[in-house]
Structure formats: structure tokens, C-alpha cells
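Below: one structure, written as C-alpha cells.
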Amino acid sequence: MRTASICGKSIPIISHRTIVVGSGAAGLASADYLHSFGEKDIAIVTEHMNCGTSRNAGSDKQTYYKLSISEDESDSVSEMANNLMSGKCVDGDLALCEAALSVRCFMHLVDLGVPFPCNEFSEYVGYKTDRDPRHRATSAGPYTSKMMTEALERSVRQRQIPIYDHHQVIRILTHNGAAAGLLCINTQKNTGSDAKTTPLYTVFLCDNIIYATGGPAGIYYDSVYPYGHHGSNGLAFEAGAAGRNLTEWQYGLASLNPRWNVSGTYMQSLPRFLSTDPDGNDKREFLLDYFTDKNQLLLNVFLKGYQWPLDIHKIDSGSSLIDVLVYLETKKNRRVFLDFTTDPCGGIDFGQLPEEAREYLSRTGACIDVPYNRLLHMNKPAADFYMNKGIDLSSTPLEIALCAQHNNGGLAIDNHWRTTLPGLFCVGEASCSHGVRRPGGSALNAGQVGALRAAKCIALSADHHSRDGAVSRETLHQIEEMIDLAESLPLSTNSNINACITGTQKLMSDIGAAFRNEADISSALVRIKNQLDSLAEICTVTGPCDLPSFFKYRDILISQLMYLHSMLDYIQANGKSRGSALYYRPDGIRPYDFLPETFTYSPEDENEPSQIQEIVYRDGEISVTWREPHPLPTRSEPFEDVWRDFRRREKC
């Protein structure tokens, strides 16, 4: 490490061969694999070690998806890869890697101490998750990803890999069209008596960056992502990395405080859906306004347990109608709650329930009165979760909304998880290996596989750049640009940054979430572009303590610009509703008369050809291209040929 004077500030310059950005399960796995492959000149840079989705999110039974390896059920790498590709807009080479390495990555987590259950014969048994033809799913409980993160962190610390905590990336630095490092701002010690001696900025120079910053949670207001997680995709777009499938998200019902998916047993216990005015008065069981058959209502609520993401094909006479009705109720300026204290519909006759719900509740012995009692009987830890957060579901309704939960798109990557910007790799939710739909739990597997593939690629690479601490003129200009922008912000006794963030997040949730139309998106793009071009005029800060939030706001705006542009291009190229997104088309269908005109749509035929959308942001201009997915690679080489190529490749 050395220091350099830039813009009149003494800024530390730290050099490593490879830097991992992010401290979630994918980022920590990347560092762990790098070290095990012999890479010792590595470090982790993170905004906060204990923040992020992996450590702070979960669900009723958080799932890890892998090849089936128990009992006598047949399975194969090719079959799993084809299942992953069936979600549409998925490259075959990526699907093959995720299938082939799923067992290796899963067993690595087992060896690190993640308590995935096995039987007395050491078989890691599984269950079926959504969009899963086999029993590939497994779980260590509602905190599976948290356990993964903790186990990986223990390994990383045992390996004594340097961790630079409280460093928020505000620019990916480039040189000659390749990633060259990072400009970070200190998020911990930028106020108080030590502010004059603690550097506000730090520059990291490196050959490789593994970007593991999670999904762009900060672009939405209605979100189930943890409060500590906001993502940083905008900075990668700014640096020149392409985006892929940015239109494809998962949205579903979640509690607002705490943020948590209300999937699984929360729905299978058949709670009552209530709405109130903003002050909590005028309670109404509003779903009864839309269903003439109360048993059909109850079935749709039950099915939300394992059909949790909103699905366009399940709106017409399906469980996703519940998502739509909750959304519409909130747009009437009413609050929506799950009530576990009273049976819905004035009472339940379990013998009259449709077969799927009746058989499940009977088999589990849950045909008993009151949703809370059913929840306790089937899954006490699900009730305990809220109790530990100060919410007693036996007496307190739980406020919910339709929320953004996972981005199936992200940065475009190849089968080594390299982005289109040389030197920049991307793993975890920030990268795009998924398509329109995916099996539940496949995201956890994708993050671990991507970490292994990226680390192996770096370890086998012979490219080593000079890391003498010198900052190139091109890179220096990028650093100066960010510092000058921060210095140009007007000082005020009150900062408006948080209000700016909230305003643009609410705009995105209103027009760029599950329900989309061309006119609103076009209008929002103009507004967001104007905000991005006028940051120094519209933002005020009280001092350096507000700069981390300011740079988050800037990243959010760039991300929103890219995501909304992708949606607009999709509407103009196709415009059919698919996955978790309903696109308004006046020539489409409106399955129910009670739905607004904007819910007229044309569902995409699942047999239509798959096309992948890719988008690039360069010099203030956005360009979009479309292509067919890569086919599943064919493999029929003799063992000796593979062995020979392997020996040659591993020594390169």
C-alpha cells in the first residue's frame, strides 16, 4: 500500500491480483475457492460484512437446488441442464456448468459445516420444489443461505484472506477497455474527531475483480430484500459491462417489517386477508369481493405456499390472482394484512376444500380451527421467526405487499462467469445465468458454481499485470471525476438524499415492477435521465457522512435507466407477458371484468422460441441486441481424450 495525492486528498492505493467485491455466499465462496486453488494475492472488499441478502434473508424453507443423489431416482447432468434451460432465455453452456458442478459445490458446503440433512445411510435426501421434475431440492431450514455465508466466512478467516470492511465501491476503474480497480468510499469513519485522519476514499488496483454485490435491490421501494442490501449493478453498466435478461424478475407477497417471504406454510395455514385504511381502521376481508366460491378462494391462497412467485399464467383462474388483488388493494391507498387469528370466509369446512388443499391439510393433521394453530402445528419455526422479531401472529396481523424478490437477469457472463468487460467476473445474483423462470433454490447453486468457475479461470490464467501502485492517467481521470462530483454537491443543514432515493424507488415500484406499460415507462425514463444528469443541482448533503447514500442514489439511477430501457425495448420488440411481468397490450385479454384496463395483456406461449436480450451502456448511449440462447453443448469424447485435454488445460 502507498498513498497518492488526488484532488488535494491523500488517498491510499492498495494493490492485489484479485479483489472480490461482496461478502455474501457467492463472494465468500469465490475467495475461498481462489485461495484453495493457490491464489494468495487476493482480498475481499465489502460495504458491510454482516449485510447483504445471503446473511439476512430466507423463507419458510429456504431451498438449495442440486442434482438428485439419493434413493433410486434416476437423474443426470444433461437432464438437470435441460430443466434449467426450459425456463427460457438460458444459455446451454451455463446450464450445463450449473448442473455438472452442483454436487461438488453442495458437498463443499457440507464439508464446511452447513447442516444439510441426510439419512442414517448418509444419503442427502431431497424434495420437489417449484419447476422441479425430480427431488433435487434440499434445505438446512429457513436460514440456509445465512448458514452458508457463516460457514464460508469461517473458512475465509481461517485462510487469513484480507477483508476490507466498510468500503463502498463508487466506481469500477478501467484502463484500455479492461477493469483496472475500484474507487471506494469509507462508510464508517467519515465523521467525528477522526475524520481528518481517516481517509474518505481508497483506491484498489488489481488484475481481476469478482463482482458479487447481489441483485439491484435498491431500485425498488416495495422489496423483500434486506434493508442492508441495495446492489451495485449500475456501476458495472457504467464501466461497460453488458446486461442480460434485465426484464426478468420474481415478485411475490412479503411482509413489510420485517421483510420476509410469506410463502410455504404461511399460506398453507390459510390465513385471512384483511385490508384497512391508512390508519388501520375499516377492516375488510377484501378477497370476498372477487370470489363467488369461497373454497376456490381458499385453494388459491393455499397454492400460494409453493407457487409463491407471481406467474402470468396463473392469473386467469390461478393462485397469482391473489397477488394481483393484493396489489390493487394497496393502490387504493389501503394497507393489506395477513390475519392468523381468525378463520377466513367466516369459517372453513375442510371436507369441502378442493382435493389438493384438503389432502395436504388432512395428511399433516392440520384440519384444525384458526390459522395460527395450523401454522404452529405444521411449522412452529415459521411462527417463531416473527415472534423473535417482536410480532406475535396469534394476536397481531402481519402487513404485506407485492414485492420484488429476485432478479433472474443481471450482468451478461460467459461459462467462466466473465462479463463483457475484460478482468471483471460476476457471480451470484448480480450475474445472469437464469432466464424467465427457474426452479426454486437454483440461485443458491448458481452462486456457488459461478464462484468456483470464476476462481478456477483466474487461477489458470497466466495474465499478471504490473501492480506497482501507479495509477494510469485514464484511471486517475475517473477517480477525479467522482471526487469532483462529490465536492460539487451543495451543503445544507438537511440532506435530501434519502428523500431522492425513496422517490425514485417508489416510481420504479409503480411502473417498473410486476405490471408495466409503454407510456409510463417512457415517461419515467425521461425523469430518471434528467435526475442522473442533474445530480449536482438536485442533491444536497450535510457533509461527508451523506456521500455513501449519494453514491447509492447515483448507482440506483443508472440501474433504473438500464432496467427500464430493457423493459421498453422488450415491449416494442414483443410485448407479451411472461414470468412475473404483465405488460399492458390493448389487443390482449382481460380475464376478469373487475380488473382495470391496464391489466389487458397477451400471455406468451411457453412454446414460443426463446430470445435473449442484451444491453450495453457506453458514453451515455444505450444499445440493445437480441440473440438465440447457446445450445446445450454435446459431449461424447472418449475418456482418454478428456484426460489429455484436462492435463493440458490444468497446466496452462
Side-chain angles (χ1 to χ4, degrees), residues 20-34 44-66 98 102 105-106 108-110 112-116 137-157 161 163 165-166 168-169 210-218 223-233 250 254 258-261 263 385 403-408 410-411 417 425-434 438 440-452 454-455:
V20 177
V21 183
S23 53
L28 292 170
S30 298
D32 192 51
Y33 279 124
L34 278 166
I44 295 172
V45 170
T46 180
E47 184 178 332
H48 196 296
M49 195 66 189
N50 293 325
C51 287
T53 299
S54 298
R55 196 181 295 265
N56 296 287
S59 63
D60 173 73
K61 183 169 62 178
Q62 197 177 21
T63 298
Y64 191 104
Y65 190 71
K66 54 151 183 57
E98 290 184 13
S102 65
C105 290
F106 172 75
H108 179 62
L109 294 170
V110 171
L112 290 178
V114 180
F116 289 109
T138 186
S139 175
Y143 298 106
T144 297
S145 64
K146 181 176 186 289
M147 294 176 181
M148 289 166 54
T149 305
E150 291 169 343
L152 288 161
E153 182 185 351
R154 287 194 297 270
S155 182
V156 163
R157 292 194 182 278
I161 297 171
I163 298 173
D165 204 354
H166 305 293
Q168 176 186 330
V169 178
I210 299 183
Y211 211 55
T213 55
S223 169
V224 72
Y225 289 90
Y227 283 105
H229 177 77
H230 56 86
S232 298
N233 281 20
Q250 286 186 177
R259 293 180 170 185
W260 197 254
N261 294 347
S263 58
F385 168 80
C403 296
Q405 184 258 357
H406 191 277
N407 186 201
N408 283 0
L411 301 187
W417 272 250
F425 296 74
C426 187
V427 301
E429 191 184 343
S431 68
C432 175
S433 65
H434 308 301
R438 62 180 179 83
S442 59
L444 291 183
N445 175 61
Q448 297 302 293
V449 170
L452 190 156

For this session: Supply the atom-to-atom distance Trp260 CH2 to Cys403 SG, rounded to the nearest 0.5 angstrom.
Result: 14.0 Å
Exercise. Please, which pairs that meet salt bridge (charged side-chain N to carboxylate O under 4.0 Å, His left out) have at least one residue in residues 51-64, sequence neighbours excluded?
Worked result: Arg55-Glu153
Problem set entry | Interatomic distance, Ser30 atom OG to Ile44 atom CD1 [nearest 0.5 angstrom] | 8.5 Å
Exercise. Just by modelled atom types, is the Lys66 backbone N or O under 3.5 Å from a matching donor or acceptor in the Ser102 side chain?
Worked result: no
Exercise. How many angstroms lie between SG in Cys432 and CG in Asn408, if you round to the nearest 0.5 Å?
Worked result: 8.0 Å
Exercise. How far apart are the closest heavy atoms of Ala140 and Pro115, and which atoms are they?
Worked result: CB-O, 3.8 Å
Exercise. Taking atom CE of Met148 and atom CZ of Phe116, what is their separation to the nearest 0.5 Å?
Worked result: 6.0 Å
Exercise. Would you call Lys146 and Glu150 a salt bridge, taking side-chain N to carboxylate O under 4.0 Å as the test?
Worked result: yes
Exercise. Can you tell me how far the CD atom of Gln250 sits from the NE2 atom of His434, to the nearest 0.5 Å?
Worked result: 8.5 Å
Exercise. Is Met147 close to Leu109 at the side-chain level, that is, under 4.5 Å between some pair of heavy atoms?
Worked result: no
Exercise. Under a 4.5 Å cut-off applied to non-hydrogen side-chain atoms, are Ser145 and Thr53 in contact?
Worked result: no
Exercise. Taking all non-hydrogen atoms of both residues, which atom of Asn233 and which atom of Thr213 are closest, and how far apart?
Worked result: OD1-OG1, 4.3 Å
Problem set entry | Short side-chain to backbone donor-acceptor contact, Tyr211 and Ser232, under 3.5 Å | yes
Exercise. Hey, are Ser23 and Thr46 close enough side-chain-wise for a donor-acceptor pair under 3.5 Å?
Worked result: yes
Exercise. OG1 of Thr63 to CG of Asn445: how many Å apart, nearest 0.5 Å?
Worked result: 12.5 Å
For this session: Taking all heavy atoms of Val156 and all of Ala31, pick out the closest pair and write down the distance.
Result: CG2-CB, 4.3 Å
Exercise. So, do Asp32 and Leu112 sit near enough that their side-chain heavy atoms are less than 4.5 Å apart?
Worked result: yes
Problem set entry | Trp417 versus Ala454, closest heavy-atom pair with distance | CB-CB, 4.3 Å
Exercise. Step by step, would you call Leu152 with Gln448 a side chain to side chain contact (heavy atoms under 4.5 Å, CB included)?
Worked result: CA-CA 11 Å; Leu152 288 161; Gln448 297 302 293; 3.9 Å; yes
Problem set entry | Heavy-atom closest contact (Ser223 atom, Ala217 atom, distance) | OG-O, 4.3 Å
For this session: Indicate yes or no for a side-chain donor-acceptor contact from Ser139 to the backbone of Gln62 under 3.5 Å, with no hydrogens or angles considered.
Result: yes
Seminar exercise, completed: Of all heavy-atom pairs linking Ala451 and Val427, the shortest is N-CG1, 3.8 Å
Exercise. Step by step, would you call Ser433 with Glu98 a side chain to side chain contact (heavy atoms under 4.5 Å, CB included)?
Worked result: CA-CA 9 Å; Ser433 65; Glu98 290 184 13; 2.5 Å; yes
For this session: Classify the side-chain pair Glu429/Tyr225 by whether it contains a donor and acceptor separated by less than 3.5 Å.
Result: yes
Exercise. When you measure from the side chain of His229 to the backbone N and O of Ser54, does any donor-acceptor pair fall under 3.5 Å?
Worked result: no
For this session: Only counting residues at least two apart or in another chain, list the ones meeting ring-ring contact (aromatic ring centres under 6.0 Å, His included) with Tyr65.
Result: none
For this session: Mind running side chain to side chain contact (heavy atoms under 4.5 Å, CB included) on Ile161 and Leu34 for me, showing each step along the way?
Result: CA-CA 10 Å; Ile161 297 171; Leu34 278 166; over 6 Å; no
For this session: Quick one: do His166 and Glu47 satisfy side chain to side chain contact (heavy atoms under 4.5 Å, CB included)? Show the steps, please.
Result: CA-CA 4 Å; His166 305 293; Glu47 184 178 332; over 6 Å; no
Exercise. Does Asn261 reach the main-chain N or O of Val224 with its side chain, forming a donor-acceptor pair under 3.5 Å?
Worked result: no
Exercise. Are any non-hydrogen side-chain atoms of Val114 and Tyr64 less than 4.5 angstrom apart?
Worked result: no
For this session: Look at the aromatic rings of Phe385 and Tyr143 and report parallel, tilted or perpendicular, splitting at 30° and 60°.
Result: tilted
